[in-house]
Amino acid sequence: MRHSLMRGAVASIAIAATALAMAACTPSADQDNGKLVAFGPQGDNGTLKENSFTQEVEKKFDIDFDWQTTTYDGSVAGEKRQVSLASGDYPDAYFLVPWVDAFSRSEILKYGQQGVLLPLEDLIDEYAPTLKERFEEKPDWKESVTAPDGHIYAITQWSECYHCSFPSKLWMNTTWLEKLGLEQPTTTEELRTVLRAFKNDDPNGNGVQDEVPLSGSATQPIVNYLMNAFAYAPVAGPSSPPPMVMDDGEVQLAAASDEWRAGLAYINSLASEGLLDTAAFTQNGDGLKALGDNSGTEILGSAVDLHPYDFVTPESPDGRDRNYDAVAPVAGPDGTQLATWRSPVNPVGIFAVTNKSTEDERIKAIKVIDYLVTDEGDKRGAMGPEGEAWVPAEEGDVALDPELEPSFKPLTYDETSNAAWRSMAQYWDSLEYRNSQVVPEDVYSPDGYERRLLIASKEYEPYLPDESILFPAERLWPDADTSAELADLQTNIANYVTQAQAEFVTGQRDINDDGAWQAYLDDLDGLGLAQFLQMEQDLYDALK
């Protein structure tokens, strides 16, 4: 299985802007030392310098990397990158990971127009034929990397990971359902009935009411799955925009609608009965994993998450990792039944070259990216060496999508190995390429996990929202003159919505009190919601 942005510290802004302006004009003399100074995250399984894939790339493209490294902790990585830019001590090139830290669209425009990040389109045309071909194959990808001024200042990631397209899935303990003589729920009230049984009827058989019927984590909001029975809930998370939707071409905040309120009222009713673990609004993934891996007795009935290995360890001694199956979206009182969808376009920039680089270094760097978007380069860079991380398909093998010709078979990979860039090498992941991998048919084994996720995700595909509802955040570019203001509005509104909905669910605010709901709406107005929506509307209208 593949491993799938945190904003930098505000403190970096305090560094004098003149330092950046000066740095944007002149590369430092001591940096042009014949090495490609590269900034990237480094794990605890060895250094990037000693990484065997790094060494292969150096030999293949005649590069001598000089790494400026950070960690996979998003807050630390983001602060280090932003401080380096503000101080002028930045590298020749950035190789980043989208879920750790990357360039936002506002940053791409800012640094591109200041001359810090250099245009890449001419380099791509001349030295990156495969990348150019991929852009032609997936025009949405090329559109996503092209700034309003026509330049490409950073490369983003294209990932058609099928199961990732439905991030908010409900995974339920099927063993408990069978023990209690219950079926998977299909409506919100059937879900309530199942969760009550999980809480009260001792499905783990230890004679103690210690079961947690439903939980989740703050990083993959539990609200999304449940809300989709009342109103469409877009992708959400710590660094996501507030939940916005389109209504007949108008940008709207879904979290200000009557339907959203009704969804919160339902979720609050689950929490008030003790059927929903309210720690789901504050705990991180480790907290959720502690429930799934609870020592001795199995206590977790269900969880909202991208995939079950997030909350239960593969090959658990008691086999509990095999107990969880996905529940298709449930229908709400009025029949609403939707699934949160994630675009294959990731709008953040993960590769860029700066004005500190020489022409030769830029050419070599773009050739590396061109290699990484080949099937060979992706397997070697993101997975590892042939024979160690994967092998070619053999006669009789079956692809993840049985209708496709199988191409390669992933092997169980030693996570301590320092033989691949892993997530730092993932730029290209088409549906056809991904689904051509050979996956065993035992879906409950770790090797068959991708097939388990594909089958689960097929349960969600029929409930994709109509495209007219989807707010195309991944296609919008901020206006350079207002991007900072827009970013502040987005952050403040998103944080407030997240905080307030947790308070409504947990009872700190009364969701059934018209006055409390109106106060929430008034607070949104005070945060500049009308201005924010108009700015987003202007950006959306510019697409036409």
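This one's a predicted model, so the numbers in the text were calculated from it and none came from an experiment. Residues: numbered from 1 along the sequence shown.
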Classify the angle between the aromatic ring planes of Tyr111 and Phe103 as parallel (below 30°), tilted (30 to 60°) or perpendicular (above 60°).
-> perpendicular
For Asp334, which residues count as a side chain to side chain donor-acceptor pair (under 3.5 Å) partner, sequence neighbours excluded?
-> Thr336
Do the ring centers of Trp99 and Tyr72 come within less than 6.0 Å of each other?
-> yes
Enter the distance from Met535:CE to Leu489:CG here, rounded to the nearest 0.5 Å.
-> 6.0 Å
Using distance alone, with no hydrogens and no angle criterion, decide if Thr219 and Ser217 have a side-chain donor and acceptor under 3.5 Å apart.
-> yes
The side chain to side chain donor-acceptor pair (under 3.5 Å) partners of Asn200 (sequence neighbours excluded) come to Gln209
Just checking, Arg192 and Tyr266: is the charged tip under 6.0 Å from the six-membered ring centre and within 45° of the axis?
-> no
Hey, are Asp523 and Tyr496 close enough side-chain-wise for a donor-acceptor pair under 3.5 Å?
-> yes
Do Glu160 and Arg434 meet the salt-bridge criterion of a basic N to acidic O distance under 4.0 Å?
-> no
Please name all residues satisfying ring pair (Phe, Tyr, Trp, His ring centres under 6.0 Å) with Tyr540, sequence neighbours left out, ordered by chain then number.
-> none
Applying ring pair (Phe, Tyr, Trp, His ring centres under 6.0 Å), name anything that partners Trp176, two or more places apart in sequence or on another chain.
-> Phe198
If you take all heavy atoms of His163 and His307, which pair is closest and at what distance?
-> CE1-CD2, 4.3 Å
Sequence neighbours excluded, the answer for ring pair (Phe, Tyr, Trp, His ring centres under 6.0 Å) partners of Tyr427 is none
Within the distance-only criterion (no hydrogens, no angle test), does the side chain of Gln537 pair as donor or acceptor with the backbone N or O of Gly249 below 3.5 angstrom?
-> yes
Check each of Asn173, Asn294, Asp210 against Asn204 using the side chain to side chain donor-acceptor pair (under 3.5 Å) test, and report the only one that passes.
-> Asp210
Hey, would you say the Phe311 and Tyr324 ring centroids sit under 6.0 Å apart?
-> yes
Hits for ring pair (Phe, Tyr, Trp, His ring centres under 6.0 Å) against Phe281, two or more places apart or cross-chain, chain-then-number order -> none
Does the side chain of Asn228 come under 3.5 Å of the side chain of Thr340 through a donor N or O and an acceptor N or O?
-> yes
N/O donor-acceptor pair under 3.5 Å between Tyr90 side chain and Val83 backbone | no
Audit row: Phe39, Phe95, ring-ring contact (aromatic ring centres under 6.0 Å, His included) steps and yes/no = CA-CA 6 Å; Phe39 182 103; Phe95 294 85; over 10 Å; no
Which of Thr491, Val497, Thr498 passes side chain to side chain contact (heavy atoms under 4.5 Å, CB included) with Asn495? It is Thr491
Any side-chain donor-acceptor pair under 3.5 Å between Trp141 and Thr156?
-> yes
Consider only side-chain N and O atoms of Thr187 and Glu189, and report whether a donor and an acceptor are under 3.5 Å apart.
-> no
Whether Gln283 side chain and Gly216 backbone form a donor-acceptor pair below 3.5 Å | yes
